[in-house]
Amino acid sequence: MTPFVQTALRFLVNGVAVLIVASFLPGMKVDRFRDAVLFAVVVAFFNALAWTVFGLLTIPFTVLTLGIGALIVNGLVFVLADKVIKGVTISGWVVGTIAAVLVSVVNSALSSLLLR
């Protein structure tokens with residue numbers, strides 16, 4: 001597979017993970033699969049930007065909070081991406097943080113099953 005196809009498949013799998021989490025997590029709603037995939041793309045972009053720009057600044061905070069700081073940053077990235085994609089609604093940063101963790105777990109499981 002070409003790198004482009006691999007990246008596209010990863011975004012599709014991540015979109016499925018977003019849909020799965022939104023189906024059972026109160027406070028998170030996704031209207032369509034297209035919105036979930038676009039949300040995954042925006043989250044990837046924001047994560048790359050946030051960890052590139054703020055990565056060194058957040059290391060002491062992350063170490064002091066035993067990793068909880070990184071979870072909060074990921075939750076805030078989810079909430080910011082929610083503001084960009086109109087078909088995705090997240091009720092707050094706590095739900096965003098829980099969604100970030102759950103999407104990561106579901107995405108990992110799906111990727112191990114589908115993208116070998």
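The basis for the numbers below is simple: all heavy atoms, side chains too, and nothing from hydrogens, waters or symmetry mates. On a predicted model such as this, the values are computed, not experimentally measured, just so you know.
Looking at every heavy atom in both residues, Leu110 comes nearest to Ala17 through CD1-N, 4.0 Å. For the pair Asp35 and Gly87, the tightest heavy-atom approach, listed with the atom from each and the gap, is OD2-CA, 3.4 Å. Nearest heavy atoms, Val37 versus Leu12: CG2-CD2, 4.0 Å. Taking both residues in full, the closest heavy atoms of Gly15 and Ala40 are given as N-CB, 4.2 Å, listed atom of the first, atom of the second, then distance.
Separating the CG atom in Asn107 from the CG atom in Leu114 is a distance of 10.0 Å, to the nearest 0.5 Å. Note that the CZ atom of Phe78 and the CD1 atom of Ile98 stand 12.0 Å from one another [nearest 0.5 Å]. The distance from atom OG1 of Thr97 to atom CG of Asn74, rounded to the nearest 0.5 Å, is 8.0 Å. Considering CG of Leu80 and CZ of Phe45, their distance stands at 12.0 Å, rounded to 0.5 Å. The distance from atom CG of Asn14 to atom CG of Leu19, rounded to the nearest 0.5 Å, is 10.5 Å.
Note on Val101: it does not cluster hydrophobically with Val94, by side-chain heavy-atom contacts below 4.5 Å among ILVMFWY residues. Linking Ile, Leu, Val, Met, Phe, Trp and Tyr whenever their side-chain heavy atoms come within less than 4.5 Å leaves Val43 and Val105 in two separate clusters. No chain of hydrophobic side-chain contacts below 4.5 Å, direct or via other Ile, Leu, Val, Met, Phe, Trp or Tyr residues, connects Val79 to Leu71.
A donor-acceptor pair under 3.5 Å is formed between the side chain of Thr52 and the backbone N or O of Ala48. Counting only distance, with no hydrogens or angles, the side chain of Ser112 and the backbone of Ala109 share a donor-acceptor pair below 3.5 Å.
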For residues 21-34, dump all side-chain donor-acceptor pairs below 3.5 Å to protein atoms at least two apart in sequence or in another chain.
unit_1, atom_1, unit_2, atom_2, d
Ser23, OG, Ile20, O, 2.5
Lys29, NZ, Asp31, OD1, 2.5

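Between Ile90 and Phe39 there is a side-chain heavy-atom pair separated by less than 4.5 Å.
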